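Working notes, structure below.
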Amino acid sequence: YFDRFDSKSFTKAASEAMAQKPDGIILVPRDLTTTRKFTDRLHEEKIPFVMLDSFMPDLKPLAFFGQDSFNSGFFAGKMLMMMSGQNTKKVLMMRPLVNGKAPSKQQANREEGFRHYMIDHFPDVEIINLDLKEDTQKYATEIFSKFLNDNPDIKTCITFSSGAYVMGEYLSETNKRNIQVMGYDMTPRNERCLMDGSIDFLIAQHGYRQGYYCVKVLFDAVVLQKSVKPINYMPIELICKENAEFYQRYEL
């Protein structure tokens, strides 16, 4: 395990992994520069590695499993505007940032895809950024109360991280139900908010299947010496309260 917001934590975990002399590696990358130092060493040692979550083709992984994050963001824009209605004038975009940047390439690509959709189809809708730091949850009530008081006409919120629950839990605790929320990933806290109605939709990326297929690809390549498909995009699926149970059944 490592802290995705801390490059030193990634480097430490990478060293610990190499000390075990692995036959293969599955990794969620950090930023390109930090990850490259590790993957260059893997190439030197001829250790195959599979990436999930964020695709960095320059690092030449054996395979990748995850969403096409640009298209995922484009899809999110389309679904959000269908949900919020044609009269929407403003959209709140919650952006978890680390040192002023998106913590993953995947999150940045989703945002880019979303903005492309909005520029193409709803250029007059104003996107208002609310940048969140790591300690936001501690002060969520204060931050969101002030923001929404200052922007009472905002009724639609989206985030491209798995942190939609931060807004969802705030809406539940304050008993506010006048804001529609869309986010990513069926994490336990997101799922609770989805089921109580404080999150309207989640875009899922089948994390269980991603992990399963990563192990299978390594087995096929290392043990069976078979060629494998290098790029494997996962479905982009929209989950709501009414179909959440069936998504979970499908995962397991």
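All heavy atoms count here, side chains included; hydrogens, waters and symmetry mates do not. A quick note: this is a predicted structure, and the numbers were derived from the prediction, not measured.
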Discussion item. Please report the interatomic distance OG1(Thr156) to CD1(Ile128), rounded to the nearest 0.5 Å.
Written reply: 11.0 Å

Item to complete: With sequence neighbours excluded, tell me which residues meet side chain to side chain contact (heavy atoms under 4.5 Å, CB included) with Glu16.
Response: Lys12

Discussion item. Is the shortest side-chain heavy-atom distance between Leu202 and Glu191 below 4.5 Å?
Written reply: no

Discussion item. Keeping Lys155 on the side-chain end and Pro152 on the backbone end, is there a donor-acceptor pair under 3.5 Å?
Written reply: yes

Worksheet item: Transitively linked via ILVMFWY side-chain contacts under 4.5 Å: Tyr212 with Val217?
Response: yes

Worksheet item: Do any N or O atoms from the side chain of Gln106 and from the backbone of Ser69 form a donor-acceptor pair under 3.5 angstrom?
Response: no

Item to complete: Kindly write out the residues that satisfy ring pair (Phe, Tyr, Trp, His ring centres under 6.0 Å) with Phe122, not counting sequence neighbours, or none if the list is empty.
Response: none

Discussion item. Under the rule for side chain to side chain contact (heavy atoms under 4.5 Å, CB included), what residues qualify as partners of Lys8, not counting sequence neighbours?
Written reply: Asp6

Worksheet item: What pair of heavy atoms forms the shortest contact from Met182 to Leu80, and how long is it?
Response: CE-N, 3.8 Å

Worksheet entry | Minimum-distance pair of heavy atoms, taken over all atoms of Pro48 and Asp23 | CD-O, 3.3 Å

Worksheet, complete the sentence: side chain to side chain donor-acceptor pair (under 3.5 Å) filter on Ser172, not counting sequence neighbours, yields Asp196, Ser198

Worksheet item: Would a distance-only check, ignoring hydrogens and angles, find a side-chain to backbone donor-acceptor pair under 3.5 Å from Thr39 to Arg36?
Response: yes

Response to the item:
In short, Met195 meets Lys241 closest at the heavy-atom pair O-CE, 3.2 Å

Practice prompt. Check whether any side-chain heavy atom of Ile203 lies under 4.5 Å from a side-chain heavy atom of Arg110, and answer yes or no.
Written response: no

Fill in: Which residues share a side chain to side chain contact (heavy atoms under 4.5 Å, CB included) with Pro235, sequence neighbours left out
His206, Arg209, Glu237

Discussion item. Could you go through Leu32 and Lys105, starting from their C-alpha distance and side-chain angles, then the distance that decides it, and tell me whether this counts as side chain to side chain contact (heavy atoms under 4.5 Å, CB included)?
Written reply: CA-CA 9 Å; Leu32 181 62; Lys105 182 180 178 183; over 6 Å; no

Response to the item:
residues 90-109 vs ring pair (Phe, Tyr, Trp, His ring centres under 6.0 Å), sequence neighbours excluded, gives none

Worksheet item: Got a donor-acceptor contact below 3.5 angstrom from the Gln210 side chain to the Gln205 backbone?
Response: yes

Worksheet item: What residues form a ring pair (Phe, Tyr, Trp, His ring centres under 6.0 Å) with Phe2, not counting sequence neighbours?
Response: Phe10

Worksheet entry | Whether Ser145 side chain and Glu142 backbone form a donor-acceptor pair below 3.5 Å | no

Practice prompt. May I ask whether Met83 and Tyr117 are part of the same hydrophobic cluster, defined by side-chain heavy atoms of I, L, V, M, F, W, Y residues being less than 4.5 angstrom apart, directly or through others?
Written response: yes

Identify all side-chain donor-acceptor contacts of residues 218-227 below 3.5 Å with residues at least two apart in sequence or on another chain.
from: Asp220; atom 1: OD2; to: Lys216; atom 2: NZ; distance (Å): 3.0
from: Gln225; atom 1: NE2; to: Ala221; atom 2: O; distance (Å): 3.4
from: Gln225; atom 1: NE2; to: Val222; atom 2: O; distance (Å): 2.8

Worksheet item: At what distance, to the nearest 0.5 angstrom, does CG of Leu171 lie from SG of Cys157?
Response: 8.0 Å

Item to complete: Report the residues that fulfil ring pair (Phe, Tyr, Trp, His ring centres under 6.0 Å) with Phe55, sequence neighbours left out, ordered by chain and then residue number.
Response: Phe64

Worksheet item: Counting N and O atoms only, with roles assigned by atom type, does the side chain of Asn243 sit under 3.5 Å from a partner on the main chain of Cys240, one being a donor and the other an acceptor?
Response: yes

Fill in: Cluster overlap Ile154 with Met79, hydrophobic side-chain contacts below 4.5 Å
no

Worksheet item: Which pairs pass ring pair (Phe, Tyr, Trp, His ring centres under 6.0 Å) with one or both residues in residues 167-191, sequence neighbours excluded?
Response: Phe144-Tyr170

Response to the item:
So CG of Asn129 and CZ of Arg95: to nearest 0.5 Å the spacing works out to 4.0 Å

Worksheet item: Within the distance-only criterion (no hydrogens, no angle test), does the side chain of Gln107 pair as donor or acceptor with the backbone N or O of Pro96 below 3.5 angstrom?
Response: yes

Item to complete: Determine the minimum heavy-atom distance between Phe160 and Gly73, stating which atoms define it.
Response: CE2-CA, 4.5 Å

Worksheet item: About how many Å separate CG of Leu52 and CG of Leu27, when rounded to the nearest 0.5 Å?
Response: 7.5 Å

Worksheet, complete the sentence: Sorted by chain and residue number, the side chain to side chain donor-acceptor pair (under 3.5 Å) partners of Thr187 (sequence neighbours excluded) come out as Asn190

Worksheet item: Is a donor on one side and an acceptor on the other found under 3.5 Å between the side chain of Asp31 and the backbone of Thr34?
Response: yes

Worksheet entry | Student check: side-chain heavy atoms of Thr35 and Met51 closer than 4.5 Å | yes

Practice prompt. Please answer whether the main-chain N or O of Asn71 pairs with a side-chain N or O of Asp68 as donor and acceptor at a distance below 3.5 Å.
Written response: yes

Practice prompt. Looking only at non-hydrogen atoms, find the nearest pair between Tyr165 and Ile199 and report the distance.
Written response: N-CD1, 3.8 Å

Fill in: Reported CD1-to-CZ distance for the pair Ile127 and Arg115, which is rounded to 0.5 angstrom
5.0 Å

Fill in: Contacts of Met18 that satisfy side chain to side chain contact (heavy atoms under 4.5 Å, CB included) - sequence neighbours left out
Phe38, Arg41, Leu42, Glu45, Ile47

